[in-house]
Number of protein chains: 2
Amino acid sequence: MAQKDGADDGTPRLGQQLCFAVYQASHAFNRAYRPILAALGLTYPQYLVMLALWEDDGPTVKALGEKLMLDSGTLTPLLKRLEGAGLIRRERDPQDERQVRIRLTDKGEAMRAQGQGVQEAIGCALGATAPGAEPLREQLERVRDALLASSRDE
Amino acid sequence: MAQKDGADDGTPRLGQQLCFAVYQASHAFNRAYRPILAALGLTYPQYLVMLALWEDDGPTVKALGEKLMLDSGTLTPLLKRLEGAGLIRRERDPQDERQVRIRLTDKGEAMRAQGQGVQEAIGCALGATAPGAEPLREQLERVRDALLASSRDE
DNA sequence: GCTATTTAGATTGTGTGCAATTAGATTGTC
DNA sequence: GACAATCTAATTGCACACAATCTAAATAGC
């Protein structure tokens, strides 16, 4: 019984798998971010786009997609919602009209300060005795344990 | 400036955050599982449900939702698709007709053997030189680094 | 100059995920 | 028994996420 995720009958065990732990941790993060970002009117992927733009304004959709590992089918509607919210502009590159460049509006730039507050809020949610933080901490422990276990038998 | 994810100007950096690493790793796992599970006609959450049923057949929707941390709004359509595929049955509990019990059909039970193959395939994809495995391994390393970094300054 | 290929985004269809609401059943109290 | 409070699942609406496909623009090859 030195196996890490095989039950005695050979059926894979649910709770001990790295992928499941990561999957759950991702949801737990999302749930932790959601109420904080709701105050800004953003979802987590939208917040990631804003972070990327605060770091480097004016990328093409393709560059943004590579940074965030998202394809145009996901980004196009997401960016249109951000444009609808007045946070970004989408403008065709005159040099190469296949490309669409994404730029922050003044409103989007002004949100940068609030974005820093989000990081602090999440830090608090992770570290302290915030309500609802326990599931996230638990999931992260599971991820760590599964990562350590998986790196042991490689 | 011993801070772990604050850039010099205070804007949070994208690449160094635990939440982003977990988010990316979750997608990377999904991409790794997708082609393998496609052979069974399952998505990853559907596979999780099958795993849960192979471990314990006949739970209510609520029990299943607690195990997988999903609510009925997610599970109900997912379970209907599994029912449409002939892998499970959904039947009202005669004792308490509010509850719906989920049971494997013979076809669903017969898939158990193939489910074990999935675990092995993912193990290979993680460990070896499988095509497309590198992004997943990279992401997991990032998660590990971020986890270690975050546990250092607590 | 002109067609063929490549590239960048947009579109469409399927499948999660979750908040909010609804419908029906059960339990507790009178 | 009647009835309100509670509980469970289903339903609805919105927002990702990705595969497959389409359109338009740019480039390569002739």
Side-chain angles (χ1 to χ4, degrees), chain A residues 20 23-50 59-66 68-85 88 90-102 132 135, chain B residues 20 23-38 40-50 59-66 68-85 90-102 132 135:
Chain A
F20 185 61
Y23 171 84
Q24 298 280 46
S26 177
H27 287 342
F29 260 121
N30 207 333
R31 280 189 284 268
Y33 268 99
R34 185 185 302 275
I36 295 170
L37 290 174
L40 303 184
L42 296 177
T43 64
Y44 181 62
Q46 288 170 6
Y47 173 64
L48 288 181
V49 168
M50 295 303 289
T60 64
V61 173
K62 180 181 174 61
L64 208 49
E66 281 169 359
L68 304 179
M69 303 229 281
L70 297 172
D71 68 6
S72 71
T74 300
L75 278 177
T76 296
L78 188 158
L79 293 171
K80 283 184 176 175
R81 279 185 284 271
L82 286 179
E83 187 181 34
I88 64 165
R90 301 185 314 131
E91 31 194 54
R92 291 268 164 198
D93 188 323
Q95 259 65 47
D96 183 345
E97 294 205 348
R98 291 172 304 181
Q99 304 182 56
V100 172
R101 296 206 166 266
I102 308 300
Chain B
F20 185 60
Y23 170 85
Q24 299 280 47
S26 177
H27 287 341
F29 260 123
N30 207 334
R31 281 188 283 268
Y33 268 100
R34 185 185 303 275
I36 296 170
L37 289 174
L40 303 184
L42 295 176
T43 65
Y44 181 62
Q46 289 170 4
Y47 173 65
L48 287 181
V49 167
M50 296 303 289
T60 63
V61 174
K62 181 182 174 62
L64 207 49
E66 281 171 357
L68 303 179
M69 304 231 280
L70 297 172
D71 70 11
S72 73
T74 300
L75 280 176
T76 296
L78 188 158
L79 293 172
K80 284 184 175 175
R81 279 185 282 271
L82 287 180
E83 188 181 33
R90 300 185 315 132
E91 30 193 56
R92 292 267 166 198
D93 188 323
Q95 259 67 47
D96 182 346
E97 294 205 347
R98 289 170 307 182
Q99 302 183 49
V100 172
R101 295 204 168 268
I102 308 299

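Residue numbers start from 1 in every chain, and the chains themselves are labelled A, B, ... in the order their sequence lines are given, proteins ahead of strands. Treat the numbers as computed from the prediction; the structure is a model and nothing was measured. Computed from heavy atoms alone, side chains included, the values below leave out hydrogens, waters and symmetry copies.
- Note: CZ (Arg101(A)) to P (dA25(D)) measures 18 Å, nearest angstrom.
- For residues 69-78 of chain A, the pairs satisfying side-chain hydrogen bond (donor to acceptor under 3.5 Å, both in side chains) are Asp71(A)-Thr74(A), with sequence neighbours left out.
- Rounded to whole Å, the distance from OH on Tyr33(A) to C1' on dA15(D) is 18 Å.
- Taking atom CD of Gln24(B) as the reference point, atom P of dA17(D) lies 10 Å away to the nearest angstrom.
- Between the side chain of Arg92(B) and the main chain of Arg98(B), a donor-acceptor pair closer than 3.5 Å is present.
- Residue Tyr44(B) contributes atom OH, which lies 13 Å from atom C1' of dT16(C) at whole-angstrom precision.
- The distance from atom OG of Ser26(B) to atom OH of Tyr44(B), rounded to the nearest 0.5 Å, is 8.0 Å.
- Ring geometry for Phe29(A) against Tyr33(A) counts as tilted: the plane angle lies between 30° and 60°, on a 0 to 90° scale.
- Regarding Leu82(A), its CG atom lies at a distance of 18 Å from the P atom of dC14(D), rounded to whole Å.
- Protein atom CZ of Arg81(A) is 10 Å distant from nucleotide atom P of dA17(D), rounded to whole Å.
- Both Glu97(A) and Pro45(A) sit near DNA chain D, but only Pro45(A) has its closest nucleotide nearer the 5' end.
- Between Asn30(B) and Tyr23(A) the shortest side-chain heavy-atom distance does not fall below 4.5 Å.
- Taking atom CE of residue Met69(A) and atom P of nucleotide dA19(D), one finds them 12 Å apart after rounding to whole Å.
- Phosphate contact (OP1/OP2 of dG17(C), side-chain N/O of Tyr23(A), threshold under 4.0 Å): present.
- Residue Arg31(A) is classed as a sugar-phosphate contact, given heavy-atom separations below 4.0 Å to backbone atoms only.
- Distances shown here put every side-chain N or O of Gln95(B) at or beyond 4.0 Å from the OP1 or OP2 atom of dT26(C).
- Here the closest heavy-atom approach between residue Ile88(A) and residue Ile102(A) is recorded as CD1-CG2, 3.8 Å.
- Between Leu48(A) atom CG and dC16(D) atom P there is a gap of 11 Å when expressed in whole angstrom units.
- Between His27(A) and Met69(B) the shortest side-chain heavy-atom distance does not fall below 4.5 Å.
- With dA19(D), dA17(D), dC16(D) as the choices, the nucleotide that has an atom nearest any side-chain atom of Arg34(B) turns out to be dA19(D).
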Along nucleotides 4-11 of chain D, 5' to 3', which nucleotides get a B, which get an S, and which get a -, given that the test is a protein heavy-atom distance under 4.0 Å?
---BSSBB

